[in-house]
Structures are given as C-alpha cells and as structure tokens.
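Data block below; observations after.
This chain uses plain numbering: 1 for the first residue, then up along the sequence. Order of appearance sets the numbers: ligands from 1, and atoms from 1 within every ligand.
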Amino acid sequence: MPCGVTFVPSFPRFLRLAACLGAAVGLGLSLWAEAPFAFDTGDGHLPKTVVPSHYTVRLEPDLRARTFAGEVRIDITVREPVDAIVMNANALTIDSAWLVSGSERQSLASIWDPVTQQLRLPLTVTLAPGDYAVELTYRGTISSNPQGFFYDRYDTPEGPREMFGTQMEVADARRVLPCWDEPAFKATFDSTLVVPASFVGASNMPAVRETPLPDGRKAVTFDRTPRMSTYLLAYFGGEFEILATDHQGVRLRILTTAGKRELGRYALEASTRILDYYTAYFGVAYPLPQLDQIAVPQAFSNFGAMENWGCISYLEDYLLCDPATSAQGTKEEVFKTVAHEIAHQWFGNLVTMGWWDNLWLNEGFASWMETKCSAELNPDWQLWLRSNADKERALDLDARSSTHAIQLPGVTDQTVDDAFDVISYEKGRALIRMLEDYVGAEPFRAGLRLYMARHPYGNTTTADLWNAIADASGQPVAPVANSWTEQPGFPIITATLANNTLHLDQQRFILDAPEPDASQWNVPLTIAPLSQLEASTVHLLEADTPLELPWPAARGTPKLNVGDTGLYRVLYDETSLAAITAALPDLPETEQLNLLGDARALVTAGQLSSPDYLAIALALRDSPSQPVWTSLLTTLRSIDLWLRDEPLREDFHRWCVALLRPQLDRLGWAPASGESPLVDVLRTNLIYQLGWYGDPAVIAECQRRFATDSATLTGNLRATVLKIVGRYADRATYDALFDRYRTADDTEEKRACFEAIQHALDPDLARNTLQLTLGEQLGVAERNWNIMTVAARGEHLDLAWRFALEHADELLTPLASYGRNSYLGYIVRDAHDPAYAAELEAATRQHLGEEALPEARKTSSLIRLRAAVRARELPALRTWLARTEPARG
Ligand code: BES
Ligand code: ZN
C-alpha cells in the first residue's frame, strides 16, 4: 500500500494527504469529508465487532518539546467479518499502522474523524473472525491542561522543574494512545515509559524493569495490569520524593515534588486506615499490588483528584498537609479526598459502569463511601451531620427546572462532563444514604458485597446494583430507587394532622415552574412524635397514593425526616409547624439542620417569609453546634447577596454582627485545651463572618495579628485572618500579601495568601488581581478560579464579568473540556439582577455554542430565582430589620 501513513488533525496537512488517502483505500473523498462515517454506529459508540484484549504500549514523552512518541500493539478478537478496524484516537499523528495475523504483517491506511474521534483502519479484504493484532506508531502533544498527557512546572530551591502526567477521564486516553476508549472495552496493559534518568516513572502497576538507554534516559517497564478500562490508565514522571510503606501486601507510596515528602505522611497514614476499612466493608481485598498517590503541584486546573487504578493523582492541596500547622479543613479535605479516590478503586475501577449514563454509580457511590468511611474513622468530625450542607446544595439545583435526572439517558462521552455536578455527587450520595437507611446498614452491605463478588473486572448498570441489594437483603429496592434515579427533582411532603389522622401527600418541589409537574416518588418517610424522636418508624409513601396514618392526640406533634436522611422537604400544618418551631432549640442537631434547610427552601418558595427564617435563627442563637451555625451562616450569606448595592445592607450587617458577636465572645479567640476540633472551626467561621459583616473589633484584631504575629499564624486562624486583612487591604497591605504569596513554599500558606488578595474590596486592587489571570504568573489551577473568586469573595461581580467577557475567547479556548461550560456561570453566580442571567446565556451561545446552554442554565435559573425572591422579600426584611435588635432578641 503506497500510503501507510495517513492523516493528521491539522487542517492543511489533512488536505495534502487527502488525495493519497483516497487512492490508498480506494474510496472517494466524500468518505472523510462528510461526517459521520459509514462505520459510525449512530449512537457514538464503537462497533463491537472487534474487541481488544491486551495492549502493549511504549511511550516516550519529550517534556522540552511538549511532544511524545508512542507505539502500541493491540491484541484483538474479530467477532464478525469486518472491512475495517475502528477505534478511538484524538490529536494524534499516526505514522504507521499494521495488521498482524499470525506471522504476517500488512500495512494499513488510517483515517481519522475529528468529530467522532474515531480512527478507522480500512482493510483491503474482509477480515474473518479470529484473533489478530494491530500495531501503530504515532506522535502526540503534551498540554498544560489535564487532558491526555500534561506537564506541570513548579519551583524548587534549585530553580524551576517540570513533571508530566496523564489525565484520561472521561475520553482522553485516546489522546495518549489509539484505543477502544469506552469503559466497557476492558483489557490488560503492558506499558513501558521512557523518562530522564533522574525521574521516577509511575503507572498503574509496579515497575518490573528499568533499562538505561544510551541517550541517558531510561525505559521503565511496568507489570501487567488486570483487565481495566482505558479511562483509568495513568503515566507519570518527575523528580519525585517518595514516602512508602507496605500494608497488607500492598505497596503504598506518596509521590511528591522536591521538599514535600513529609507533607504526605498524613495521607499515607490515612490511606492505611481507609484501605482496611474498605477491605472489611467490601469483603474483597484491594485488587492491585500497589497504590501510588501522586501530588501534582498545579496542573489539575479544575478538579481535585483522579482515581487512576493503583496510581491516584491529586492536586497537591488535596493530598499534602502538615498536621502541626494545617487548618482542620485541610486535614478533612485530604482525608475525604483520599477516602473518595480509594473507594473508586473498588467501586468504579474493579466494577465499572457500562457507560457514562451511569456516571452516578461511580461518583455518587464514591461520595457516599467517602463520607461513610471518613465519618466512622473520625467520629469527632461529625461528617454525616455536616453533609447536610452538601445535600442542601443538591436540593437547591434539583428544585429548579435546569436540573437533570441522576441517570443520563443519551449522554455521550463528549457531553457527560457537565454531569460531574451536585446531582451526580451530592444527590447521589444522599440517595444512597436514604436507601441504606431504608434497607438497613447490614443488609445493604451484604448487597454491596454480592455486587462486588458478581462483577469483578466487569461492567454494570444501576440495575445490577439494585439486584444485588435485593438478592442479599430480600427487599425489592429497585421500585423505590428508580423513582429517584430516573426522573429529576424531589418531592415536598405535606403533613397535615386532623381527626387523629396524619395525612401525607406529595408533589414535586419546584421553584421556577408555574405548576409542579405530575412527577411522583416512592418515598421512604421516617416519622416520629416530636417528643419521642428515638421511636421513629419508616413508612413508604408510594407514588400517587396519599398515606393516612392513625395519629392519636396523645402522640403530640409529628416530626418527619427524622435523622435528616431523606431527600424531601416537608410542609407541616400550621399548628404542627408552630409546635416544632417552639421546640427547635431543644431538638437534636439533625432535626435542627433538617428544619433550617426546609425553612430556607420554603422562603424561596414563598411559603415562609425571610423574617420567619430570621426569627428561627434568633431562636437558635445559643446553639454551640458548628454544623447548625454553618447552616445559619450560609443562609445569612444568601440573604446578604440580595442586598448588595442596597442601603439596607448596612442594617442587615449590623444585625448579623449583633447576632454573631456574642458567640465569638463566648468562645474567645484562643482554642481551649481539649476542645473538640469543630469548636475551633466554629470560632474561625464566626471570625470570618464577623469580619465580612464589618465588625470593627474583629477586623482590628485580624489586622493586629497580621502585623504582629504574622509568622506564627497557622491552623484554622491563618486563612481567616489573612482573608479579612485582604478584604480591607490598602495597596501596601495588598503588596505585602502578594509578596508573601510569591515567596511561600508551604502550599497552604500560599493558597491562603492568594485567597486573601482575591478578597480585596478596593476596585483598583481587584483589577490588578483580575489582570493576573492573563499573564504567566499564576499556576493553571490558580488562574482557573481567579475571576470567579474575585467576583464572589471580593464582591466585584460586575468588574469580573466585564473582564471575562472582554477576554472570553482567550480565557475559554485553553480550558479542558471538563469545566469549560461552567466557567462563565461561576463568575455571575452571586448576581441578583436577571440581566446577568441573560448575558450569561448570550455569552455562552456566542463563545461555547448551543450545547453549553444547559450548563449555563444551572446558573441563570439561580439568578432569576434570586431576583424574584429578592423582589418579594425586601419589603418585609426592611420592616423587620427596622424593629428587631438581635442583641435583645
Ligand atoms: N473521577 C473524578 C475526577 C474527575 C472529575 C475526572 C471530572 C474527570 C472529570 C474524581 O473521583 C473526583 O470525584 N474528584 C473530585 C474530588 C472528590 C473528593 C469529590 C474532584 O476532583 O473534585
Ligand atoms: Zn470521584
């Protein structure tokens, strides 16, 4: 064949090769000019007529040139006669392609379609079923973004250095090697990675051999993987420092850049405990001989961590910490992130969703397991109680028409990026928790063990999970679960007590539709008398079937959603609501959080007024509970958003200061010895909010500590003090903070200083911070979040938005596909003027296209809703603030 080499992504060369290509494969130009190809299966999937079983890969990255060379041999089975072999590739230049059949080798042409990201190797004769191999040599590029091969640049005492890594999920393994890049095409992998001699090379399995090369590099060959999906492949290289231990036969390592090894110790110790927990929970040993966890300095621009099998990667902020100086929040973030990614090693990696429409099986489940494991291993963090905040965020989106169902019918690997959101993660977590509660923790675990035992190295759907749980527990969980996974939204339950009967009914809780639609759920309701919450019982409120429970007067007031494990709102009759509100200060935290969440949502729905909510806040003012205060403070902050640019805002701030100050005075600034870690979290939460709302004494104390104790500022207080100092900074203070940011080598210190400058209220300083987005001074992760943080924390929404619009293409073009569609929305998220909603949609259409609109609507619907609620609530809020002094109650 005259033209074994074939196609390129870049357009001019593509044209030059066209004639050659047409001749080679004996087909007209229309074949490649008119997408989709004849071999497109129509649903975006690869044909299943040819399946890969094993890959032998050799990769040679050239960091300096930002390119890499690759060779791959793929063992395939042809299941039906085919005229072409079709796989995925993206942004690769194929230099040669061969078909191997026994001892014969035949050169093949290759045709690439950039739209379907498919690579077609046409055959001159029809290939009969049987075993073959294809071999390809190719080249690709190394990007600054985590899509396929990426590089990262970081500073060390010896000067700047670079490392490289890969990021494959969702559909970028095809940027590293031509492959069957769908989660169901599992295969084994033998890999060799060529790196400079000073580098450590890492991949999914341990290295079995390192061969020095004549040019001073070395070839690192890794052991064969088990059958796995391509999105979990990983190749990393850098001058890493390593912290290692053997735990239950697994080689556990933390890999960091120079000087940071010890900061990995906390994660290493957490990992051993987490591995033990999961091994016991799933009843299946960790499936690989190694678990590497790699700290990437900056290149994870838009997310925190990736569960590559046996080779997890983290933005270093999520893996490294110093227990002596880190904030409680940092330790929690590290623990939870490690717990999340290790959960995926079983749930996702060993057993994998068949297609991305079941993404929630991965992310919802890992999120649930993350909280379950972290909560049990750190009981004083009260993580389930605090996960109320995450559930609330999911219910907020899920109460707007821009939400989506947990299951994603019709989703493709090109459109699933936007589903890595609060619905898949937080609603997913809360749903699994509700079902665990319904089935019972032990039967639920038995179901999961059965699921793991049935499908190791396989692929599943949501139905397989419910089947396993039903088989193990004897409870048909699917009818309940399906009503939650297959339709968007959730219900509000009306609970009305009359004639010794509790009447329960449901309808969809939707905030931006004129009428709720007819959606119905099978709702596991937990109900108890208010005065006897421990005696709660579970009742299934079935779709389209109101429930009537005998409720003798002696039982008193009913309380629903006991334990706050349900995914629904409750609207009580007036008498019951009054009784519950009166009892609120004495109820357990779970019930307080549950009622605060419902009350906040009912204000948005217009069924309670904001003064009603503030009265509840006053009733809870003596609560010592950090989670309860988090809920209250979050709602106060959302009221604060209505008041930006309103004279009334000052009154509201005074009210907030008067409410919060006694709490801080009670706790003092210094941690008491032996206090629970959450007390100091509450203390610093209060300091931050008081500083935000303008308490002069708190601001002065932050400034004093910055000026005098700056070097010793650590722990929870560090970021708090720096941010408040940053908020009110003048130029000289801003410069001092910036300098400290530039020179800090401690990750947490650096991040705190950067967030501090993003807090500056002074518009000139904010302009300066915005401008940094365009230069080379920031790392890619800092750059990614800079504009939204200046908008939200510096309260410069309009300035930030104009800046983003002015530079939209420059900002959006380099972004990885995950996060691109949500980028603009994050900037205007806090707006209360519907004009921003319209501008966001217009800018999205213009710069990203129609297909990005559903993601933009998640934010524009929020802005429009806030505008409506604000218009309704401002008059009542004004009257109420004029006559209420929280200091007197
Ligand atoms: N699988 C994801 C990472 C990911 C997200 C890859 C989006 C591709 C697109 C990983 O397991 C994850 O969920 N990471 C979270 C952190 C976790 C603690 C919630 C993240 O990066 O935000
Ligand atoms: Zn995840």
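Interatomic distance, CD of E182 versus CG of L46, reported as 4.0 Å (0.5 Å rounding). Distance CD1/I787 to OG1/T773: 4.5 Å, rounded to 0.5 Å. One distance of note links OG1 of T166 with CG of D172; it measures 10.0 Å at 0.5 Å rounding.
The number of heavy atoms from other shown groups lying within 6.0 Å of CZ (F185) is above 12.
Looking at D418 and N821, their side chains do bring a donor and an acceptor atom within 3.5 Å of each other.
Residue E307 approaches ligand 1 through these ligand atoms, each under 4.0 Å from one of its heavy atoms: 1 (N), 2 (C), 10 (C), 11 (O). Close approach of ligand 1 to Y818 is summarised as follows: ligand atoms under 4.0 Å from at least one heavy atom of the residue are 7 (C), 9 (C).
In this structure, R433 forms a cation-pi arrangement with W384, its terminal cationic atom sitting closer than 6.0 Å to the ring centre and no more than 45° off the ring axis. By the 6.0 Å and 45° rule, R66 stacks over the aromatic ring of Y151.
Annotation: Y425 places an N or O atom under 3.5 Å from an N or O atom of ligand 1; distance criterion only. For ligand 1, one of its N or O atoms has an N or O atom of H344 under 3.5 Å away. For ligand 1, the polar-atom distance check against V170 finds no nitrogen or oxygen pair separated by under 3.5 Å. Polar contact check, E363 against ligand 1: a nitrogen or oxygen pair lies under 3.5 Å apart. Checked against a 3.5 angstrom limit, the closest N/O atoms of F420 and ligand 1 fall outside it. Checking only distances, E370 never comes within under 3.5 Å of ligand 1, N or O to N or O.
Counting protein heavy atoms only, atom 3 (C) of ligand 1 is closest to A305 O, 3.2 Å. Remark: minimum distance from atom 22 (O) of ligand 1 to any protein heavy atom is reached at G304 N, 3.7 Å. Closest to atom 4 (C) of ligand 1, if we only count protein heavy atoms, is E169 OE1, 3.7 Å.
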Practice problem: Run the numbers on R445 and E436 for side chain to side chain contact (heavy atoms under 4.5 Å, CB included), then give the verdict. | Solution: CA-CA 8 Å; R445 168 159 97 156; E436 183 200 26; over 6 Å; no
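Among R261, K260, K750, the one residue that satisfies the salt bridge (Lys or Arg N to Asp or Glu O under 4.0 Å) test with E316 is K260.
The nearest N, O or S atom of E363 is closer to the Zn ion (ligand 2) than 2.8 Å.
Between E333 and ligand 1 there is no heavy-atom distance shorter than 4.0 Å.
Only the side chain of E341 comes within 4.0 Å of ligand 1, judged by heavy-atom distances. Using a 4.0 Å cut-off between heavy atoms, H340 contacts ligand 1 through its side chain alone, with no backbone atom that close.
Ring orientation note: the planes of Y277 and Y281 are close to parallel, at an angle under 30° on the 30°/60° scale.
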